[in-house]
Amino acid sequence: MMLDENAARQRAQELRTLLHRHNYLYYVLDQPEITDAEYDRLVRELQQIEQKYPQLVVSDSPTQRVGGTALSGFTSVTHQVPMLSLSNAYNAEELRDFHRRVLQVAGSQPVEYVVELKIDGLAVSLEYTDGVLVRGATRGDGTVGEDITSNLRTLLSVPLRLQQPLTLVARGEAYMPKAAFLRLNQEREEAGLPVFANPRNAAAGSLRQLDPKVAASRGLQIFLYGLATVQTERPMTHDASLRLMQDAGLPVNRQRVLFTDIEQLIDYCLSWHALRHDLPFEIDGLVIKVNDLSLHERLGTTAKSPRWAVAYKFPAEQVRTKLLAIEITVGRTGTLNPTALLQPVTIAGSVVSRASLHNADLIAEKDIRVGDTVIVQKAGDVIPEVVGPVVELRTGEEQPFQMTDQCPECGSDAIRYPGEVAWRCPNVSCPALLRESLIHFASRDAMDIEGLGPAMVTALLSAGLVHNVADLYYLSQDQLQQLERVGAKTAENLVQAIAVSKQNSVERLIFGLGIRFVGAKGAESLAKHYRSLPALMQANESSLLSVPDVGGKVAESIISYFGAEANQQLIEKLSTAGVNMSYIGVETAEDLLGGKAFVITGTLPTMSRDDAGKLIE
């Protein structure tokens with residue numbers, strides 16, 4: 001029976017209340033009262049009402065988790081309270097050192113700690129006004145993050161409306177459960193797409209998708225671990241803050257323990273070395289926080305991290321496997337990089353068949369030989385590297401490594417500059433250098449050309465369509481469609497992405513050029529100082545040395561790069577193609593308002609003081 005509008009409004013409100021409650025029971029209390037099928041039936045009923053009466057749709061309706069349109073980009077968000085990173089402890093003695101530093105401030109006061117699991121995901125901030133989710137953001141650099149509200153709304157464990165009408169900012173970790181990660185990689189493998197290295201990368205990549213529907217399909221979840229601000233009487237302890245968040249409907253990991261004895265705390269941390277593998281999600285350690293919030297204020301923070309907390313990081317997981325061969329690859333700056341080809345082995349949840357050997361000197365120093373049984377670990381549980389050989393397992397058939405004296409790509413004689421460990425290919429026309437320079441030029445921190453990954457770059461080079469980065473801006477859709485497995489839509493999207501990149505602020509171009517020693521931060525400092533690429537090209541050494549983040553080696557490299565005629569011609573070709581050569585970045589509040597303070601008093605006629613504060617920020 002179809003309801004009239006008044007009855008539909010009442011029923012829609014009933015359904016929204018029911019669904020919010022069942023989400024709370026499922027994701028926060030882990031005490032579901034209805035089956036998934038019954039939950040889906042309630043959602044469908046609400047969808048039918050909202051389709052019949054679209055005027056009844058509200059922003060916090062459970063039906064509104066996935067927006068209908070993709071974003072063109074993410075906007076910046078300034079955090080009201082900085083999202084600091086944690087200092088690390090890697091063993092028992094470093095945990096005792098942390099405890100001693102806390103006691104120096106606490107004095108005779110007994111200190112209680114809360115120990116929580118350190119979820120391996122993406123740090124995010126959730127902002128609620130009167131109980132309704134209004135903004136979600138990434139950590140970014142701790143001060144400024146990206147607004148990913150649309151994507152965070154797709155996480156079923158993120159409440160769109162709290163159980164209480166609180167105004168607060170909560171901090172947490174969005175993560176991908178192990179089962180969802182395995183399923184995603186299986187789907188990508190079957191579709192011929194590259195797989196993700198680990199659940200953390202998968203979670204971060206999913207939440208930075210411009211289309212919320214992609215994020216919604218990835219099965220992400222979240223745990224909240226901290227209360228940044230709350231417009232109510234603030235709890236006295238961190239544990240009470242977690243209970244307040246949980247009561248409000250925010251999912252808090254209940255696997256936390258209170259300790260007053262540091263040795264018991266250490267034993268508990270050590271016990272998780274083995275227990276972590278039984279969890280349905282990845283953790284890379286535990287977080288120890290002083291429970292008393294008044295002691296937080298007395299302990300304070302450094303520029304980067306709070307003094308009232310520390311992250312106990314698990315030691316890198318090490319395994320043994322066979323070193324089958326050593327392959328030399330050429331980096332974008334011409335370095336010849338030795339890479340170990342391994343008998344595939346699982347480390348920290350992912351299969352590894354290649355690992356870094358860094359450089360020839362280190363291979364000789366560790367006496368690593370082809371055919372060795374070697375110890376492999378993931379540095380920071382991310383980058384596979386060879387620790388060293390298991391000498392006692394040698395059979396005598398192992399072969400010492402001999403570094404090549406020629407570039408494996410173009411055959412040029414390799415050179416080694418004084419004071420450096422790397423061997424390099426000096427040929428600026430080396431195909432490998434061109435390939436890596438194109439991949440770097442298109443990367444996210446450089447020109448950010450979506451769709452121009454390693455496979456596409458290889459295809460362009462094989463077809464002879466590009467010979468330098470400037471050639472990218474002269475590609476046509478017809479040319480791209482001649483490439484194998486490139487259809488009209490793919491070609492159209494790539495041409496559009498390349499065109500869009502012309503409008504980037506010049507710091508991206510400076511970084512994308514791959515000038516030796518000039519990183520993303522240095523490129524931004526140069527762009528802000530000189531305001532245009534032509535001005536930077538004319539700079540002398542004394543001028544360059546006055547720029548933040550520029551030292552003697554960097555200045556020498558910049559002058560050398562722009563002094564080369566081939567590079568001058570490259571810049572001219574980019575300019576002719578319409579690539580922006582000027583700094584168009586937005587000045588930060590620190591640039592414009594440094595040293596100034598704003599005080600809002602009394603009653604404002606058109607907004608609250610909180611809203612005024614946000615406008616000022």
What do the steps show when you test Glu327 against Arg354 for salt bridge (charged side-chain N to carboxylate O under 4.0 Å, His left out), and what is the final call?
CA-CA 10 Å; Glu327 177 184 75; Arg354 300 168 65 89; 2.6 Å; yes

- Item | Polar contact flag, side-chain donor to acceptor under 3.5 angstrom, Thr335-Asn337 | yes

Is any side-chain heavy atom of Phe401 closer than 4.5 Å to one of Leu357? no

Greater than 12 external heavy atoms within 6.0 Å of Glu409's CD: yes

Margin query: Looking at Arg444, I want to see if its CZ is surrounded by more than 12 non-hydrogen atoms of other residues, nucleotides or ligands under 6.0 Å.
Written below: no

Does any part of the side chain of Val500, heavy atoms only, come nearer than 4.5 Å to the side chain of Asp448, both counted from C-beta?
no

Sorted by chain and residue number, the ring pair (Phe, Tyr, Trp, His ring centres under 6.0 Å) partners of Phe98 (sequence neighbours excluded) come out as Tyr113

Whether over 12 other heavy atoms sit under 6.0 Å from Gln318 CD | yes

The ring pair (Phe, Tyr, Trp, His ring centres under 6.0 Å) partners of His529 (sequence neighbours excluded) come to none

Residues passing the side-chain hydrogen bond (donor to acceptor under 3.5 Å, both in side chains) test with Glu565, sequence neighbours excluded, are Gln569

Sorted by chain and number, sequence neighbours left out, salt bridge (Lys or Arg N to Asp or Glu O under 4.0 Å) with Arg369 holds for Asp367

Give a yes-or-no answer on whether the side chains of Thr373 and Arg320 include a donor-acceptor pair shorter than 3.5 Å.
no

Salt bridge (Lys or Arg N to Asp or Glu O under 4.0 Å) filter on Arg424, not counting sequence neighbours, yields Glu420

Salt bridge (charged side-chain N to carboxylate O under 4.0 Å, His left out) evaluation trace for Glu507 with Lys528:
CA-CA 8 Å; Glu507 64 270 18; Lys528 281 186 174 182; over 6 Å; no

Discussion item. Go through it in stages, so that I can follow the logic: the residues are Lys366 and Asp372, the test is salt bridge (charged side-chain N to carboxylate O under 4.0 Å, His left out), and I'd like the CA-CA distance, side-chain angles, deciding distance and then a yes or no.
Written reply: CA-CA 12 Å; Lys366 294 182 177 181; Asp372 266 334; over 6 Å; no

- Validate the cation-pi geometry between Lys573 and Tyr474: distance from NZ or CZ to the six-membered ring centre under 6.0 Å, angle to the ring axis within 45°. yes

- prompt: Can you check whether Arg218 reaches Met176 side chain to side chain, under 4.5 Å on heavy atoms?
  reply: yes

Are Ser412 and Gln406 packed together at the side-chain level, in the sense that at least one heavy-atom pair is separated by less than 4.5 angstrom?
no

| field | Check: Ser557 and Ser560 side chains under 4.5 Å, non-hydrogen atoms | value | no

Crowding at CD, Glu93 (>12 non-hydrogen neighbours, <6.0 Å)
yes

| message | Tell me if the CD atom of Gln481 is crowded by more than 12 foreign heavy atoms within 6.0 Å. | response | yes

Across all chains, not counting sequence neighbours, the ring pair (Phe, Tyr, Trp, His ring centres under 6.0 Å) partners of Tyr312 are His273

